[in-house]
*Asks:* 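Okay, handing you the structure first.
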Amino acid sequence: MAIITPKPMSGFPELLPEQQRVFNRCIDIIRRNFELSGFTPIETPSVERKEVLTSKGADEKEIYALARLFAGEGESPDTEFALHFDLTVPLARYVALHKEKLVFPFRRYQIQKVWRGERPQKGRYRELYQCDIDAIGRGSLGLLNDAEMPAVIHRIFTEMGIGDFVIRINNRRLLQGFYHWLGVSADHIADTLRTVDKLEKIGRDKVVAELVARVQLDEAIAGQILDFVADDRPVDALLTHLASLPAMSDALFAQGVDELRTVAAGVRSLGVPDSDFTIDLRIARGLGYYTGTVYETKLLAHPELGSICSGGRYDDLASYFTNEKLPGVGISIGLSRIAIALIEAGVLKTDAQTPSRVLVTVLDPSHMSDYLRIASSLRTAGVACEVYFEKGRVGDQLKYADRKRIHFAIIAGEDEFAAGRLKLKNMRTGEESTGSLDEIVNLTTSDR
RNA sequence: GUGGCUUUAGCUCAAUGGCAGAGCGCCUGACUGUGGCUCAGGAGGUUGCGGGUUCGAAACCCGUAAGCCACCCCA
């Protein structure tokens with residue numbers, strides 16, 4: 001029989017055990033911190049009806065549809081379902097469906113896989129984890145929710161130890177107001193936002209060229225826009241400067257500046273140090289539905305990964321599913337992107353290939369019931385362990401423990417059982433100690 | 001969807017058109033109550049796949065697939 005190649009599809013990442021453990025630890029940190037800020041878990045199905053997914057005008061090339069491999073006579077193998085490509089659209093449907101049972105503001109988190117029909121590249125996958133939090137209001141939603149998103153993210157990234165990062169905050173109202181004040185026509189504003197968003201990637205000259213050639217802005221105006229957004233003074237100085245600009249005569253601009261000031265103050269009070277967040281007028285987010293605050297997060301040591309966490313404020317989450325106005329603000333961590341890249345870069349350190357902390361070696365199979373009892377006692381004490389059930393000398397068994405980087409081995413044979421004293425070997429130090437079962441269990445719970 | 005580059009052992013990579021190799025990893029033994037270190041030995045390849053040129057192809061040509069990168073878009 002021909003061997004089927006065991007290689008997974010590119011873009012559908014798969015981890016080795018020690019990597020998976022790091023990845024899961026990241027998920028644990030994210031979940032704990034989401035809950036610490038009062039966000040409640042929900043999970044939506046991996047598939048939605050196609051019409052739900054395309055409601056926001058998503059790029060249909062990005063969506064994987066579900067089909068059966070075979071269809072009966074007169075049946076179509078196609079289904080009306082497709083895999084979700086983000087968690088925001090499903091959230092909108094969920095909230096619209098359950099709004100009479102939910103209490104608003106609704107604060108939920110969701111950690112699930114999503115699928116995108118993309119050409120994979122570094123940091124870009126076709127199957128990936130997204131970790132979203134959103135706060136949804138009914139009719140209205142307080143502005144300080146916008147400050148909470150970066151605060152939660154800051155706690156998570158700090159705890160994960162992913163290295164220095166900067167959460168960049170901006171406000172789309174401010175940008176729109178500014179462009180309006182400059183005289184950019186309404187139907188060119190979205191295009192302008194999107195083009196300026198590329199600044200970091202393609203550089204000032206190309207952005208100006210594109211603004212002039214494609215968006216048909218006056219070159220002088222394009223230049224003014226770029227001077228405006230490239231302003232990188234510190235938060236307070238920038239806010240003061242913005243408030244002094246003649247563009248303050250534009251109501252939208254003034255509102256944006258005001259919102260940004262409130263959000264920045266909130267972020268600071270929620271414990272994010274000034275070194276870790278900034279107001280960056282360059283970011284706009286490509287997505288059209290953001291209306292106010294927007295976020296992007298950059299890893300200083302890995303700028304090539306792009307934004308590892310982004311989001312923003314939207315006026316109306318679920319306009320396709322209900323007439324009721326549901327404004328919200330949310331942020332999403334691209335966990336697969338961060339974790340896989342940082343594991344490969346060695347920033348997130350991998351450890352043992354197993355959760356087992358202790359290996360119970362088997363020297364004398366006639367005492368198997370004793371070995372099993374030892375394992376049971378360890379587990380009752382909360383110590384992860386396993387028994388070596390295979391044929392093998394002590395050397396083989398210790399080698400097994402060594403390769404899986406199991407911290408301790410319990411070694412007991414005829415002599416130990418006769419004396420009622422077990423031997424515990426610390427695999428890291430090589431040090432051995434003896435004691436009763438209880439004493440040994442105790443030793444494995446202490447650090448070292 | 002468009003373009004560029006790449007594909008040789010599990011991994012990283014050599015091999016001027018002339019015997020397909022190294023390092024690391026893996027397995028066995030030295031070592032039947034003690035892992036890592038060392039030493040000795042071993043396994044592992046239709047050179048991505050299909051065709052062509054040639055006395056002879058891993059190498060050159062055509063096709064195809066996959067991978068990487070860039071665009072697009074985005075986490």
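A, B, ... follow the sequence lines: proteins, then strands. Residue 1 opens every chain. Basis for what follows: all heavy atoms, side chains included, without hydrogens, waters or symmetry-related copies.
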*Asks:* Atom pairs under 3.5 Å, N or O on each side, protein against nucleotides 70-72 of chain B: can you list them with distances?
*Replies:*
from	atom 1	to	atom 2	distance (Å)
rA70(B)	OP2	Gln121(A)	OE1	2.8
rA70(B)	N7	Gln121(A)	NE2	3.3
rC72(B)	N4	Arg124(A)	NH1	2.1
rC72(B)	N4	Arg124(A)	NH2	3.4

*Asks:* Side chains of Phe408(A) and Leu359(A), heavy atoms from C-beta outward: is any pair under 4.5 Å?
*Replies:* no

*Asks:* If the test is ring-ring contact (aromatic ring centres under 6.0 Å, His included), which one of Phe417(A), Tyr388(A), Phe389(A) qualifies with Tyr371(A)?
*Replies:* Phe417(A)

*Asks:* Let me see the working for Asn33(A) and Glu159(A) under side chain to side chain donor-acceptor pair (under 3.5 Å), right down to the final yes or no.
*Replies:* CA-CA 9 Å; Asn33(A) 279 288; Glu159(A) 189 176 341; 3.0 Å; yes

*Asks:* Is the closest side-chain heavy-atom distance between Lys425(A) and Glu431(A) below 4.5 Å?
*Replies:* no

*Asks:* For Ile406(A) and for Arg403(A), locate the closest nucleotide of RNA chain B by heavy-atom distance; then report the residue assigned to the nucleotide nearer the 5' terminus.
*Replies:*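 Going by which nucleotide is closer to the 5' end, it is Arg403(A).
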
*Asks:* Of all the nucleotides listed (rG35(B), rG33(B), rG67(B)), which has the minimum atom distance to the side chain of Lys399(A)?
*Replies:*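 Given the options rG35(B), rG33(B), rG67(B), the side chain of Lys399(A) is closest to rG35(B).
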
*Asks:* Please pick, from rG35(B), rC31(B), rU34(B), the nucleotide with the shortest atom-to-atom distance to any side-chain atom of Arg393(A).
*Replies:* rC31(B)

*Asks:* Rounded to whole Å, how long is the line connecting atom CG of Asp402(A) with atom P of rG25(B)?
*Replies:*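 Checked: the CG to P distance equals 13 Å.
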
*Asks:* Heavy-atom nearest nucleotide on RNA chain B for Gly306(A) versus Val394(A): which residue maps closer to 5'?
*Replies:*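 Going by which nucleotide is closer to the 5' end, it is Val394(A).
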
*Asks:* Has the side chain of Gln397(A) got a donor or acceptor that lies under 3.5 Å from a partner of the other kind on the base of rU34(B)?
*Replies:*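 Donor-acceptor pair under 3.5 Å: no.
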
*Asks:* Counting runs of three or more consecutive pairs, Watson-Crick or G-U wobble, with each distance below 3.5 Å, where are the stems of RNA chain B?
*Replies:* B:1-7 with B:65-71, B:10-13 with B:21-24, B:26-30 with B:38-42, B:48-52 with B:60-64

